[in-house]
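Below is one structure, written out as structure tokens, with a few remarks after it.
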Amino acid sequence: MEKFQAPRGTFDVYPNAAEPWQRSHSWVEIEAEFRKHVALYGYGDIRTPIFEETEVFTRSAGDTSEVVTKQMYTFKDKGDREMTLRPEGTAGYVRAVIDHNLCPPGSTVRLAYFTPIFRYERPQKFRYRQAHQLGVELLGSTSPAADAEVIELTVRFYERLGLKGITVLLNSIGRDECRAAYRDVILKKAESYLKDQEAEDRARMERNPLRLLDSKDPALQQLLSDIPPITNYLEETGKQQFEEVQALLSAAGVAFTLAPQIVRGLDYYTDTVFEVQSNQLGAQASLCGGGRYDDLFKRMGGQQTPAVGMALGVERALGVLQEQELLSEAPKLDLFVVYTEATKAAAFLLTRAMRAEGFACQTDLDSRSLRAQFRLADKSGARLALILGEDEAAKGVVKLRDLASGDEKDVAREAVGDAVRQSLK
RNA sequence: GCGGAUAUAGCUCAGUGGUUAGAGCGCCUCGCUGUGGCCGAGGAGGUCGUGGGUUCAAUUCCCAUUAUCCGCCCCA
């Protein structure tokens, strides 16, 4: 019979997976660290359905983005409704915020999430069809302090993980008016290049010329090499805001690089955009992206609500941590209870009692030989073994063995908890 | 969506047109009848990714297919 395997572009997470970044404790830990981290800033958890009406995504991300036009997992449900597995988080959260009026005018709302996302594309290492993003959305403030908070939160999160060698790339793509003017500048410069493109590609490029800026095509880069940065075209308030964001980041000690080529792949961004990159994952350099999206709420049928957010690739963060050998070992047991056949029931009671005292504790289920039980204890990584055999049972004691040193001593049954606590210090 | 490489034990990988396909690690048993790690001996585990073709004979050669990896694209 043919065996099943995880669908193309997906992977399983389980204890002791060959790749350290696919081990379950790595995932449990990064999520726990993220929850702790955002709690320091007062972000609340948001969870919304993993699928939405397709239009939630087409209207938000925009019809020029590749993500929306080519990569969505779209299906019709049995009620003949067009549904799509979320290709990114923000659109669904914005839908929910509008739906429940979570951010009335004048209020500020901070939301955090950890979620799978789905994009149908050619899989590569650290590019999957089901990937995971964690991120935050900061709603209700036009202040540059909001932009700076999100960027700083992001950088501090990488610091918390211990991850090194990242670069924050910062840009502002302004508002509609300035972007329209800048578009023409790009299109004029790139005219000769666009002529040679396939009709479909050209149409896409012409609809969003900003995307041409981060092209890796040398010919195009050459053509656009002397183009002035978009920030030259920002209107006065936009310019001031962008400078304020930079000043706040500098004051916070957050290093960044101005990068006029960063324009982001989703169409809803306005003004500040940023990306975090690392050079350790080959072509998958982009670790995290985000920016301001002041027009998205209106586009989604809500009230004008200023907002800034970021989404961080979990696989890539874990991948870089693995490269840098910063992923921790799986948590170990405190205790392993060893018994002989006659004392099996008592050993189970003892195991239960130790768990009740808060120790991570396991015992053999299958009455294996003492030797086999000690091997299990050794493999489990437990610091201590508690031996409860016939001899100990007769004396009303438990033998406590330090598995590293081999030291053993008898402990009265009532005093086991304290003795263990002492030994684990 | 385009180009290239790869697919043999749970993991990392050798190998061959010809009887029973190997190693290291891991796993199990025993040496040690109540003591793990180190050492030694033994053992389990493979339809050689899948389907078709060439051949007396295919894990090996050819074609297709699927998956993985790398680059492009896109992005997290």
Side-chain angles (χ1 to χ4, degrees), chain A residues 1-11 14 16-19 61 64-71 86-90 114-135 154 197-198 200-201 204-205 211 214-218 262-266 275-278 281-290 310-320 336 338-343 364 366 368-393 399-408:
Chain A
M1 185 111 78
E2 200 180 326
K3 280 193 293 185
F4 293 114
Q5 53 183 286
R8 182 162 162 80
T10 69
F11 56 92
Y14 51 94
N16 292 114
E19 292 285 342
T64 70
S65 84
E66 183 121 349
V67 169
V68 166
T69 53
K70 294 187 176 167
Q71 302 183 341
R86 66 163 62 125
E88 59 113 19
T90 302
F114 188 111
T115 181
I117 59 160
F118 304 86
R119 295 181 190 176
Y120 192 90
E121 52 187 334
R122 187 79 172 250
Q124 258 177 60
K125 201 166 204 178
F126 300 114
R127 196 179 76 180
Y128 297 98
R129 290 181 174 177
Q130 174 173 342
H132 298 77
Q133 291 186 342
L134 57 82
T154 302
Q197 300 304 305
E198 305 271 338
E200 192 192 330
D201 292 341
R204 189 161 43 87
M205 290 172 182
R211 203 71 56 64
D214 62 358
S215 166
K216 285 172 196 158
D217 188 329
I262 294 291
V263 299
R264 310 294 308 141
L266 303 167
E275 211 168 297
V276 176
Q277 294 193 355
S278 155
L281 298 181
Q284 274 60 52
S286 185
L287 295 187
C288 172
M310 70 90 174
L312 185 154
V314 177
E315 286 81 4
R316 291 180 188 182
L318 291 173
V320 175
F336 201 96
V338 171
Y339 59 88
T340 57
E341 185 56 35
T343 56
D364 178 34
D366 300 308
R368 272 178 251 252
S369 71
L370 215 52
R371 183 150 58 139
Q373 291 188 52
F374 273 100
R375 259 203 292 268
L376 291 178
D378 191 48
K379 255 190 316 184
S380 77
R383 300 253 309 272
L384 305 172
L386 290 180
I387 304 148
L388 178 53
E390 278 125 281
D391 299 352
E392 291 79 11
K399 193 162 279 173
L400 189 158
R401 179 181 177 91
D402 183 310
L403 285 168
S405 67
D407 295 341
E408 284 185 354

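A note on names: the letters A, B, ... follow the listed sequences, proteins ahead of strands, and every chain is numbered from 1.
A:Ala131 comes within 4.0 angstrom of a base, heavy atoms only. Among the heavy atoms of the strands lying under 4.0 Å from A:Ala404 is at least one base atom, whether or not backbone atoms are also near. Here A:Gln373 lies out of heavy-atom contact (under 4.0 Å) with every strand. Within 4.0 Å (heavy atoms only), A:Phe336 reaches no atom of the nucleic acid at all. Nucleic acid contact class of A:Glu392 (heavy atoms, under 4.0 Å, all strands): base. Within 4.0 Å (heavy atoms only), A:Gly381 reaches no atom of the nucleic acid at all. Note on A:Gly135: nothing from the nucleic acid sits closer than 4.0 angstrom, heavy atoms only. Residue A:Arg401 is in base contact, counting any heavy-atom pair closer than 4.0 Å across all strands shown. At the heavy-atom level, A:Arg375 lies under 4.0 Å from the strands shown only through sugar-phosphate atoms. Across all strands shown, A:Leu287 has heavy atoms under 4.0 Å from sugar-phosphate atoms exclusively, and none from any base.
When the C1' atom is compared between B:rA57 and B:rG40, the two are found 42 Å apart, to the nearest whole Å. Straight-line distance between the C1' atoms of B:rG26 and B:rC32: roughly 23 Å, to the nearest whole Å. One P atom belongs to B:rU33, the other to B:rU19, and the distance between them is 45 Å to the nearest Å. Taking atom C1' in both B:rC72 and B:rU60, the straight-line distance is 33 Å, to the nearest Å. One C1' atom belongs to B:rU54, the other to B:rG17, and the distance between them is 12 Å to the nearest Å. For the C1' atoms, the distance from B:rA41 to B:rA7 is 35 Å, rounded to whole Å. Comparing the same atom, C1', in B:rC63 and in B:rC27 gives a spacing of 39 Å after rounding to whole Å. Taking the C1' atoms as reference points, B:rG36 lies 37 Å from B:rC48, given to the whole Å.
Screening A:Gln133, A:His132, A:Arg86, A:Glu88 for a side chain to side chain donor-acceptor pair (under 3.5 Å) with A:Thr115, the sole residue that qualifies is A:Arg86.
Taking atom CZ on A:Phe374 and atom P on B:rC38, their separation rounds to 16 Å, with Å as the unit. Taking atom CG on A:Leu370 and atom P on B:rC30, their separation rounds to 12 Å, with Å as the unit. Atom C1' of nucleotide B:rA67 and atom CZ of A:Arg129 are separated by 11 Å, given to the nearest angstrom. In this structure, A:Met310 places its CE atom 11 Å from C1' of B:rA76, rounding to the nearest Å. A straight line from CG of A:Leu376 to P of B:rG36 spans 12 Å, rounded to a whole angstrom. As rounded to whole Å, 9 Å separates atom C1' of B:rC11 from atom OH of A:Tyr14. Whole-Å rounding puts the A:Lys125 NZ to B:rG4 P distance at 23 Å. Atom-to-atom, OH of A:Tyr128 to C1' of B:rC70 comes out at 13 Å; the value is rounded to the nearest Å.
Annotation: A:Asp366, atom CG; neighbour count of heavy atoms from other residues, nucleotides and ligands within 6.0 Å is above 12.
Distances shown here put a side-chain N or O of A:Lys379 below 4.0 Å from the OP1 or OP2 atom of B:rC28. The shortest distance between the side-chain N/O atoms of A:Arg368 and the OP1/OP2 oxygens of B:rC28 is not below 4.0 Å. Side-chain nitrogen and oxygen atoms of A:Arg127 include none within less than 4.0 Å of the OP1 or OP2 phosphate oxygen of B:rC74.
Under 3.5 Å, the side chain of A:Gln277 and the base of B:rA76 form no donor-acceptor pair of N or O atoms. Interface remark: the A:Asp378 side chain does form a donor-acceptor pair with the B:rG36 base, using a distance-only criterion of under 3.5 Å.
A:Arg401 contributes no side-chain N or O that, together with a main-chain N or O of A:Leu386, makes up a donor-acceptor pair within less than 3.5 Å. A donor-acceptor contact shorter than 3.5 Å is absent between the side chain of A:Gln277 and the backbone of A:Ala285.
Residues A:Ser286 and A:Arg316 are in side-chain contact: their nearest non-hydrogen atoms beyond the backbone lie under 4.5 Å apart. You'll find the side chain of A:Asp378 stays beyond 4.5 Å of the side chain of A:Phe374, heavy atoms only. Between A:Gln284 and A:Lys125 there is no side-chain heavy-atom pair separated by less than 4.5 Å. Residues A:Glu408 and A:Ile387 have side chains in contact (heavy-atom distance under 4.5 Å, counting atoms from C-beta outward). Proximity of A:Glu19 to A:Phe11: side-chain heavy atoms (C-beta onward) are nowhere separated by under 4.5 Å. Put simply, the side chain of A:Leu287 reaches to within 4.5 Å of the side chain of A:Leu281, judged on heavy atoms.
Residue A:Gln124 has its side chain nearest to B:rC73 when only B:rG36, B:rC73, B:rA76 are considered. Of the candidate nucleotides B:rG34, B:rA76, B:rA67, B:rG34 has the atom nearest to the side chain of A:Glu390. Of the listed nucleotides (B:rG34, B:rG36, B:rA76), B:rA76 has the atom at the smallest distance from the side chain of A:Gln133. Ranking B:rG34, B:rA76, B:rC73 by closeness to the A:Gln284 side chain, first place goes to B:rC73. Of the candidates B:rG34, B:rA76, B:rG31, B:rG31 carries the atom nearest the A:Arg371 side chain, counting heavy atoms from C-beta on. The side chain of A:Ala372 lies closest to B:rU29 when the candidates are B:rG34, B:rG37, B:rU29. Considering only the side chain of A:Arg122, B:rG1 comes nearest among B:rG36, B:rG1, B:rC73.
Comparing A:Phe126 and A:Leu281 along RNA chain B, the residue whose closest nucleotide (by nearest heavy atom) sits nearer the 5' end is A:Leu281. Comparing A:Leu312 and A:Pro123 by the nucleotide of RNA chain B that holds the closest heavy atom to each, the one mapping nearer the 5' end is A:Pro123.
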**Prompt:** Pairing of RNA chain B as dot-bracket, 5' to 3': ( ) intra-strand, [ ] crossing, | other strand, . unpaired, with Watson-Crick or G-U pairs under 3.5 Å?
**Reply:** (((((((..((((....[...)))).(((((.......))))).....(((((..]....))))))))))))....
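When only modelled atom types and interatomic distance are considered, A:Thr10 and A:Gln130 share no side-chain donor-acceptor pair under 3.5 Å.
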